[in-house]
Amino acid sequence: MSATAATNIELRIPRQPEFVRIARWMTCGLAARLQFPLGAVKDIELAVGEACTNAVEHAKGPQDEAILIRFIVESRRLVIEVIDYGQGFCEEDEGDGLGLVIMRSVMDHVEICCGPDTGACVRMVKQRDGS
Amino acid sequence: MSATAATNIELRIPRQPEFVRIARWMTCGLAARLQFPLGAVKDIELAVGEACTNAVEHAKGPQDEAILIRFIVESRRLVIEVIDYGQGFCEEDEGDGLGLVIMRSVMDHVEICCGPDTGACVRMVKQRDGS
Amino acid sequence: MEIPLRIEARMEGEKVGVLSLSGEIDIATKDQVREAAEKLIAGGARSLLVDLAEVEYMDSSGLGVLKGLRSQLVEAGGKVGIVSPQSYVKKLFERSGLDQVFPIYDDLGAALEEAGR
Amino acid sequence: MEIPLRIEARMEGEKVGVLSLSGEIDIATKDQVREAAEKLIAGGARSLLVDLAEVEYMDSSGLGVLKGLRSQLVEAGGKVGIVSPQSYVKKLFERSGLDQVFPIYDDLGAALEEAGR
Ligand SMILES: Nc1ncnc2c1ncn2[C@@H]1O[C@H](COP(=O)(O)OP(=O)(O)O)[C@@H](O)[C@H]1O
Ligand SMILES: Nc1ncnc2c1ncn2[C@@H]1O[C@H](COP(=O)(O)OP(=O)(O)O)[C@@H](O)[C@H]1O
């Protein structure tokens with residue numbers, strides 16, 4: 001059965017290590033054809049890789065749960081949300097890991113907005129002409 | 001809320017013309033990194049493009065319905081299902097259009113298996129060492 | 001964000017319209033091709049040459065538009081020629097049997113020469 | 001279908017283990033790196049050189065493994081050096097501040113020379 005009305009591009013992968021690369025690869029295909037420069041394509045791949053890796057490593061709940069990656073293609077930027085249906089977390093939990101540091105350094109904006117329906121939701125923005 | 005347990009890679013796009021290329025581009029990203037030869041990557045892109053185009057052109061129902069593209073990565077082949085939640089069709093309906101002719105000529109196997117829950121479901125297989 | 005298809009349209013002489021396309025021709029962009037062609041026809045083109053050298057993707061949507069234009073022009077004694085398709089696009093014409101329907105030229109010069117005859 | 005990461009492991013002399021990696025180091029492949037390194041260490045390696053010339057993708061998963069190996073070896077008086085990372089991977093070390101922690105060599109020759117000292 002169809003989910004709710006589709007207005008977005010949504011990619012769903014199992015929350016398992018060997019599927020993270022699939023999300024990266026498909027993201028790359030999108031970013032490259034959206035004509036981001038090569039460095040920016042790699043930045044976007046890396047950020048999606050880090051966010052999905054965190055979902056696999058930190059989200060509790062059934063192993064076969066999904067990670068949802070939502071792409072919002074706007075005229076001047078690409079917005080990506082990575083949602084894992086786990087327990088969520090907030091900025092204070094971040095500790096001294098590298099994942100979020102890297103996401104923040106390669107994307108123009110990274111925001112964590114968790115909720116009971118989504119678990120962790122990491123929202124990332126890459127500007128068309130961003131750094 | 002999470003959908004059912006995820007065991008597959010699923011891409012969902014709005015059933016609208018300007019999203020078909022997104023599905024193609026992401027498919028390309030996957031096929032290229034799965035190390036299909038360039039010609040095969042283009043074949044897979046073309047087949048997905050044709051199947052999504054048919055979904056946009058022929059599936060009846062709300063315009064904002066989704067197209068679901070499911071990817072099953074196996075060791076020797078890539079299986080792709082394009083599902084449109086429309087009225088479905090059967091091989092006899094095919095007429096003299098080019099879409100299905102092209103899909104059949106670029107993929108190793110194409111099967112139409114419609115159902116009440118899926119609408120049209122076009123299942124396509126590209127072998128790793130296929131023609 | 002990106003421009004999927006760019007179109008350059010011009011007349012060569014009084015009767016031949018040339019469309020130079022670059023990018024992707026699919027369900028979302030095919031109408032632009034048709035509209036650009038219609039304008040050339042409205043401006044007097046009796047034949048069309050469609051330069052596909054820079055077209056990186058085309059599918060049955062594009063073929064459908066070309067077939068439609070061809071029907072329209074052949075009826076009036078004109079034709080539609082395909083110029084410099086990349087090898088994968090050329091194969092698409094073969095796969096769909098349309099290499100038997102459209103003349104396919106390696107370059108615009110040769111196409112124009114033949115159109116001038 | 002594809003092989004995301006290939007690993008070649010060998011000793012250079014009695015104390016230096018060299019890992020040459022090619023492909024992608026991520027959450028799914030990082031354990032292979034750790035295991036290959038552990039084997040070299042079990043075989044006598046007191047220092048490791050990790051050749052990243054052919055590594056096209058690496059993220060914090062890979063960095064985490066390298067940090068873990070470094071802690072282990074430094075404790076025993078050894079070290080972990082990074083060899084020939086591609087520019088984007090090199091930038092990853094900088095972004096995460098680990099260019100201050102790992103020596104990064106342009107080529108294996110220079111790395112071995114220094115390791116031999
Ligand atoms: N998807 C997630 N679900 C729950 N907790 C998370 C998630 N992502 C990150 N976190 C929390 O934030 C911390 C920092 O994440 P990160 O910077 O990626 O470093 P690391 O994963 O190496 O710890 C994690 O240790 C974890 O506590
Ligand atoms: N997703 C679909 N939903 C309903 N009918 C379809 C679908 N795909 C194909 N068809 C039917 O099969 C016919 C042949 O499709 P195709 O070979 O792609 O050619 P064309 O789309 O040019 O007609 C269509 O005309 C339509 O009747």
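All chains are named by letter (A, B, ...) in the order of the sequence lines, taking the proteins before the strands, and each is independently numbered beginning at 1.
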How far apart are the C-alpha atoms of Asp43(A) and Tyr88(D), what are their side-chain angles, what is the distance that settles it, and do they pass the side chain to side chain donor-acceptor pair (under 3.5 Å) test?
-> CA-CA 9 Å; Asp43(A) 289 346; Tyr88(D) 192 84; 2.6 Å; yes

Has Glu111(A) got more than 12 heavy atoms of other residues, nucleotides or ligands less than 6.0 Å from its CD?
-> yes

Please look at Leu46(A) and chain D and tell me whether the side chain, the backbone, both or neither of the residue comes under 4.5 angstrom of a heavy atom of that chain.
-> both

Minimum heavy-atom distance Val55(D)-Tyr57(D), with the two atoms named = CG1-O, 3.3 Å

With chain D, the option among Arg104(A), Glu18(A), Arg21(A) that has the most non-hydrogen atom pairs under 4.5 Å is Arg21(A)

Asp31(D) atom CG, neighbour heavy-atom count above 12 within 6.0 Å | yes

Below 4.5 Å from any heavy atom of chain A, which atoms of Lys30(D) appear? Answer side chain, backbone, both or neither.
-> side chain

